[in-house]
Number of protein chains: 2
Amino acid sequence: MPDVTNNAISIGELSRLSGLSTHTLRFYEAEGILQPAGRNSGGHRQYHPADVLWLEFVLRLKQTGMPLAEIRQYAALRAQGETTLQARLAMLKLHRERLATRIEELSTCASVLDDKIGIYRKMITESGAPADEAVHATDPQSP
Amino acid sequence: MPDVTNNAISIGELSRLSGLSTHTLRFYEAEGILQPAGRNSGGHRQYHPADVLWLEFVLRLKQTGMPLAEIRQYAALRAQGETTLQARLAMLKLHRERLATRIEELSTCASVLDDKIGIYRKMITESGAPADEAVHATDPQSP
DNA sequence: GCTTGACTTCGAGTGCACTCAAAGCCCCAC
DNA sequence: GTGGGGCTTTGAGTGCACTCGAAGTCAAGC
């Protein structure tokens with residue numbers, strides 16, 4: 001079924017490549033995230049390398065927590081051509097900043113977690129000793 | 001209504017402190033994430049500083065993407081007392097590792113985004129020029 | 001010629017984490 | 001005595017991002 005003359009791939013192959021289900025790929029098309037795919041003689045969707053690259057980028061955006069609605073918006077700009085370059089750049093910059101914020105947030109949480117782990121380790125090695133101040137400030141068991 | 005003798009706070013005050021709605025706080029209690037709060041003479045919940053600290057930690061875990069089910073599990077261990085220290089430490093360590101993975105993932109995405117932003121900037125300053133190879137490799141508009 | 005498997009469309013269902021609404025009660029302060 | 005905040009239970013609704021099922025078409029391989 002793949003269009004051999006054109007190195008096009010089927011939805012099943014794109015599914016395998018991307019790790020998304022065929023359901024999801026069609027869902028993305030319906031949502032305007034993927035442009036309507038071309039069809040072969042049998043009416044089957046055929047995807048080209050550019051589609052694969054685009055999908056990879058979409059997955060990156062998703063991975064960083066961009067909601068589908070926003071990805072759709074970006075995709076719509078992209079579909080409108082070069083006149084939307086500025087707008088797309090603005091979106092990417094905004095998202096890049098949010099991403100930086102998120103990474104910082106997670107790093108802070110990681111430190112908190114490290115502290116807590118340290119306290120737990122200490123409590124365990126001093127096993128048998130009753131809860132001390134550090135314990136009480138973290139995971140106190142009241143009674 | 002706060003129990004002044006005991007520096008306890010009401011659900012409304014905890015809501016203000018934590019940023020969670022009273023609905024959500026009761027929901028967390030029902031889900032076993034917060035231990036059933038003590039009540040005052042009028043049957044109103046009263047929370048103590050230790051509860052506030054615990055809730056803060058819960059929110060940290062949530063912030064890092066730990067699902068409520070897992071937080072509930074951790075809370076259950078905590079409620080069982082000191083014998084579960086090892087188990088809790090194991091959970092924290094596991095989560096810490098996932099967090100590290102996630103941070104790395106986001107950092108990779110950030111680099112990809114930076115590259116893309118660079119390409120866009122270049123395209124815009126060279127404005128008017130037709131799409132070049134770099135363009136084609138990122139956000140090609142086929143037609 | 002029949003089975004297999006991939007494809008089609010459409011609409012409904014899932015899981016998470018809330019979020020709200022209703023209905024009706026209590027208690028305290030002003 | 002009224003307003004405000006709190007309490008209870010139950011059940012439904014929301015938003016996101018899928019996820020699945022039904023019912024049917026089509027082409028290739030045995």
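Computation of the quantities below employed the complete heavy-atom set of this structure, encompassing side-chain atoms and omitting hydrogens, waters and symmetry-equivalent molecules. Chain naming here is simple, since letters A, B, ... match the order of the sequence lines and numbering starts at 1 in each.
- In the hydrophobic clustering of this structure, B/Leu59 groups with A/Leu113; members are Ile, Leu, Val, Met, Phe, Trp, Tyr whose side-chain heavy atoms approach within less than 4.5 Å, directly or through other members.
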Stepwise salt bridge (charged side-chain N to carboxylate O under 4.0 Å, His left out) test for A/Glu105 and B/Arg60: CA-CA 10 Å; A/Glu105 212 177 85; B/Arg60 281 267 175 234; over 6 Å; no

Between the protein and nucleotides 7-9 of chain D, are there any N/O to N/O pairs under 3.5 Å, and if so, what are the atom names and distances?
from  : atom 1 : to      : atom 2 : distance (Å)
D/dC7 : OP1    : B/Arg45 : N      : 2.9
D/dC7 : OP1    : B/Arg45 : NH1    : 3.4
D/dC7 : OP2    : B/Arg26 : NH1    : 2.4
D/dC7 : O3'    : B/Arg39 : NH1    : 3.1
D/dT8 : OP1    : B/Arg39 : NH1    : 2.9
D/dT8 : OP1    : B/Arg39 : NH2    : 2.6
D/dT8 : OP1    : B/Arg45 : NH2    : 3.2
D/dT8 : OP2    : B/Arg45 : NH1    : 2.7
D/dT8 : OP2    : B/Arg45 : NH2    : 3.1

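- Separating the CG atom of A/Leu25 from the P atom of C/dT9 is a distance of 13 Å, rounded to the nearest angstrom.
- Side-chain contact of A/Thr24 with A/Ser21: a donor-acceptor pair under 3.5 Å is present, judged by distance alone.
- No hydrogens or angles considered: nothing links the side chains of A/Glu104 and A/Ser107 as a donor-acceptor pair under 3.5 Å.
- Here CD of B/Glu29 is found 7.5 Å from CD1 of B/Ile11. Values are rounded to the nearest 0.5 Å.
- Distance check, rounded to the nearest 0.5 Å: OH of B/Tyr120 to NZ of A/Lys93 gives 13.5 Å.
- Between A/Tyr74 and A/Phe57, the ring planes are tilted. Angles from 30° to 60° get that label.
- Within a 6.0 Å radius of CD in A/Gln86, other residues, nucleotides and ligands contribute 12 heavy atoms or fewer.
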Nucleotide-resolved protein contact map, nucleotides 15-21 of chain D, B/S/- at heavy-atom distance under 4.0 Å: --SB-BB

